[in-house]
Asker: 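This is the structure I want to talk about, given as structure tokens.
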Amino acid sequence: MDMDIVFVLLPASLVLAGLGIAGFIWATRSGQFDDCDTPPLRMLTDDRGAKSEGSESTEE
Amino acid sequence: MSEVSQPAEFQREGNLASEKEAEGCKHCGSALPAGRSVYCCRGCEVVYQVIHDVGLGEYYSLLRDEGHRAVEPGDYSYFDDPLFLERFTTSASTSPDTEIRSVTFFLPGIHCAACIWLLEQLPQVESSLRSARVDFARNTVRIVYNAHAIKLSSIGALLASVGYPPLPSRDSDIEKQRRSLHRRALIRLGVAAVCLMNIMMLAVSLYEGDQSGIPLRYHALFAWVSLLLCVPPVVYCAQPFYQSALGGIRSGVLHIDLPISLALIGAFTISFVNVVLGRPDIYFDSIAAVIFLLLAGRMFQQRTVARVLDSVTLLAAFTPQSARRIRGDEEESVYIGAVLPGDVLRVGASEVLPVDGVLVSCEAFIDNAVLTGESEPEHLTSGAKLFAGARNVGEGILVKTESVGETTRLGSILAHVQNGARSRAPIERLLDRLGRRFTFVVLALSVVSFVAWLPVGVGVAADRVLALLIVSCPCAIALATPLAFAVSVGRAARAGFLIKGADVIERLAQVSFIYFDKTGTLTEGKIAIESLDLLAPERYSRERIAAAVGELERGIEHPIAKALTRWCGASGEKFSEQSVIQGRGVSGRDQQGRLWQAGSASWLEQCGVLPLSKIDDTRSTLGVACEGELVAWFVLADTLRSDAPEMLEELAQRGVEVGILSGDRSGVVARIAELLGVQSAEAFGELSPEQKKSRVAEKCLDNGIVAMVGDGVNDVLALHEAHVGIGVSGGAESCLRTADVYVTHPGLRPVLELLQGAKRAMGVVRRNLIISAAYNIAGSALAMFGYIGPLEAAILMPLSSITVVLNSTYGASFNSERRLIRG
């Protein structure tokens with residue numbers, strides 16, 4: 001059975017996985033996984049008003 | 001996100017009706033004192049109004065449990081001190097003409113989702129705040145603000161006004177390091193996970209191919225790709241294991257990570273060779289699985305341990321962060337960090353000293369309980385040494401600074417105590433030694449297996465060795481025991497027992513003798529007037545005495561004075577020349593000019609009052625004298641805790657002996673000892689703090705573990721001297737300074753529960769060791785005799801890991817169904 005296409009698909013999927021890992025590393029380095037306890041609690045309430053501040057912290 | 005337009009009161013949907021019937025304070029929910037119908041105190045009233053005024057009334061509907069008392073807002077002007085700003089804030093400006101800064105505050109009051117919401121909505125309310133982000137686990141809030149538009153002191157005041165008085169918090173180097181380590185560990189875990197999953201996919205194909213045939217080119221492709229995918233885990237993710245193993249080798253020690261490191265490298269090398277030579281025995285899936293699971297286990301353990309043993313620096317919590325510095329004629333409020341030796345500071349009445357120094361004023365009354373445990377204030381004259389943390393109970397004084405911060409006496413005590421908290425439990429040290437022997441045994445068996453199987457074939461021999469190296473798992477040692485301790489400490493905290501470290505748990509489980517402090521521990525600590533004995537009822541009637549004493553003791557902040565005022569009632573009589581000697585007595589002249597004195601027997605004796613022999617010395621008393629003659633005395637009772645006899649009986653049943661140490665009179669102590677069934681040989685009265693300490697030290701020399709249960713403020717020395725110091729009152733900060741455990745629930749029953757919980761925790765640790773030993777023996781045997789191969793080993797090992805980890809996490813220890821009472 002000819003499935004030689006796998007020689008293309010396999011490297012392609014590895015590249016995708018690589019992108020995923022790169023994204024994960026970037027997210028971790030920029031501190032997005034530092035606090036995993038507060039977001040579940042924060043989720044339970046609504047933000048008020050039109051001025052919902054984007055609260056991205058600038059890490060040192 | 002619905003825009004709420006109705007007034008705050010109506011948002012509560014039904015809570016309004018029940019709230020009207022609710023008996024608690026509208027803000028914090030605690031009981032309303034007499035005379036107040038809506039709020040328990042002015043503080044709560046103000047906070048409630050502020051919260052509603054800024055439109056955040058929804059806060060109340062979000063509170064699941066009660067809120068917390070509003071605290072007196074402090075003076076935050078020292079936040080604006082340039083030195084403070086430099087130390088505690090960082091620049092977050094993106095362009096040079098804006099001044100955006102960020103600051104982190106520690107807010108001990110954060111305890112639920114409503115708190116997070118309230119704080120993070122503050123930027124809506126105060127436009128100069130760009131963002132407010134809460135870190136719930138650390139109880140901090142990070143605020144980014146426009147420094148041109150608002151002063152830091154205003155931010156501090158704002159936080160205090162909504163009920164969260166802020167403490168400055170700096171991202172210490174330890175924090176930074178910990179965070180960086182955590183991130184790197186997470187990345188390693190993520191990479192291992194991705195590689196593992198992909199290798200597994202390919203492995204399925206390869207296994208299937210082994211069964212039903214696979215064209216060579218596909219097999220080669222999958223094998224080579226598996227190899228490639230296995231490189232990051234082996235080279236990068238497994239680094240911690242190699243580092244530990246290498247570190248061990250360099251110090252001549254066999255580290256428990258050595259077998260695993262050898263297994264990983266060995267397996268990878270063999271697999272690599274096999275791929276190149278086209279042979280089918282490859283182990284990339286096992287290797288990646290082991291790496292991932294081990295990393296996951298360790299990360300789980302580290303997170304639990306870190307979270308639970310994370311202690312905040314307490315020095316800032318009980319010395320002031322600001323001081324009033326006098327320079328010439330001017331007085332300015334400065335940040336404590338800016339105070340230098342030689343500066344003259346003014347410390348007001350009832351304030352805490354911020355520095356160590358020398359008294360400049362003529363005299364001062366200083367309460368040194370924090371350091372010496374002496375509950376009676378000292379009278380000091382100019383030139384005397386003063387210490388940070390002590391309280392000025394007299395008038396305002398001037399102090400010349402000698403040392404600040406960590407060089408103060410209190411600061412160095414704290415540093416010492418905090419360092420001690422890091423010590424490992426004795427059982428952990430034992431396990432470290434066991435770990436080394438374990439490694440040696442495993443390596444020895446590997447060599448033996450290899451040699452034994454060699455005649456059958458190199459490949460087979462390699463298989464056996466790999467299986468053995470992988471299967472032998474020192475999980476109970478490296479993973480489960482620290483985890484069990486960490487979980488126990490965490491559970492204990494939720495049950496209201498704040499334990500300082502793992503070693504404390506082990507000692508608690510072995511306590512054989514307990515010394516109890518009397519006042520406040522065995523007794524309720526509340527002074528009640530039992531009776532008034534009159535010596536000359538014809539000349540001085542009951543009413544006359546009561547009227548006099550009631551007036552003299554009015555307004556004094558002392559439990560005895562308050563009890564007396566309540567009992568005597570108000571007579572409205574005017575007294576002149578009133579004077580108060582802290583902790584000793586009061587005096588004054590009545591309208592007929594007669595001198596009245598009321599106070600402790602020893603003080604009256606000093607004043608020359610006679611006769612004193614009439615006073616019953618098995619009770620606590622307050623003598624009343626008129627014109628130098630003793631006319632009456634009050635018998636004060638401090639009621640024994642109702643559960644005391646029962647608890648002591650239970651302790652006796654468990655084989656724990658009990659003693660009493662008290663500063664109160666021997667007669668009183670002996671009477672209580674008798675009531676409780678404590679051997680009189682072990683009940684001591686009239687002890688100074690130093691004497692209490694010596695008694696404890698003496699007991700410690702006997703065999704067995706000695707615990708001391710007492711007040712964190714007054715029994716400092718004895719608590720520190722005992723093998724285990726258990727603080728049951730005096731506030732969390734003072735207890736945790738010197739005691740090993742702080743019990744937040746009043747009473748004696750919690751002490752019993754503490755001991756039981758510790759025993760159960762040690763039971764979990766022991767069970768882990770047994771499970772692990774059984775597993776290792778069985779697993780190694782199976783591997784050596786060829787019943788399992790490396791792949792099966794790679795599955796079994798994590799299973800055993802998980803078993804002990806689950807046992808640690810969910811095993812019985814402290815009963816956390818009790819809610820923590822904030823003390």
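So that the names make sense, note that chain A is the first sequence line, chain B the second, and so on, each numbered from 1. Only a predicted model underlies this, so the values are computations on that prediction, with no experimental measurement involved.
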Asker: Atom CZ in Arg217(B), atom CZ in Phe7(A): separation rounded to 0.5 Å?
Answerer: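 Reported to 0.5 Å precision, the distance equals 6.5 Å.
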Asker: Drop me the distance from Asp34(A)'s CG to His182(B)'s NE2, to the nearest 0.5 angstrom.
Answerer: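 One gets 7.0 Å once the value is rounded to the nearest 0.5 Å.
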Asker: Search all heavy atoms of Tyr218(B) against all heavy atoms of Asp2(A) and return the closest pair with its distance.
Answerer: OH-C, 3.8 Å
Asker: What part of Leu229(B) gets within 4.5 angstrom of chain A, counting heavy atoms only: side chain, backbone, both, or neither?
Answerer: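 Contact with chain A: side chain only.
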Asker: Donor-acceptor check, side chain of Arg42(A) to backbone of Val134(B), threshold 3.5 angstrom: yes or no?
Answerer: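 Confirmed, Arg42(A) side chain pairs with Val134(B) backbone.
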Asker: Output the residues of residues 191-203 of chain B for which the shortest heavy-atom distance to chain A is under 4.5 Å, in residue-number order; output 'none' if no such residue exists.
Answerer: Val191(B), Val194(B), Asn198(B), Leu202(B)
Asker: Nearest 0.5 Å please: distance from the CD atom of Gln32(A) over to the CG atom of Leu186(B).
Answerer: 11.5 Å
Asker: Passes side chain to side chain contact (heavy atoms under 4.5 Å, CB included), Thr38(A) versus Arg133(B)? Steps please.
Answerer: CA-CA 9 Å; Thr38(A) 319; Arg133(B) 195 89 167 159; over 6 Å; no
Asker: With rounding to the nearest 0.5 angstrom, report the CZ to CG distance, Arg142(B) to Asp35(A).
Answerer: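 It is 12.5 Å, given to the nearest 0.5 Å.
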Asker: On a heavy-atom basis, which atom in Arg183(B) and which in Thr28(A) lie closest, and how many Å separate them?
Answerer: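 For Arg183(B) versus Thr28(A), the nearest heavy atoms are CD-O, 3.2 Å.
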Asker: When rounded to the nearest 0.5 angstrom, what is the spacing between CZ in Phe24(A) and CG in Leu189(B)?
Answerer: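 Answer rounded to 0.5 Å: 7.0 Å.
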Asker: Counting only heavy atoms from other residues, nucleotides and ligands, does the tally under 6.0 Å from CG of Leu216(B) exceed 12?
Answerer: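 Counting neighbours around CG of Leu216(B), 12 or fewer heavy atoms of other residues, nucleotides or ligands fall under 6.0 Å, so no.
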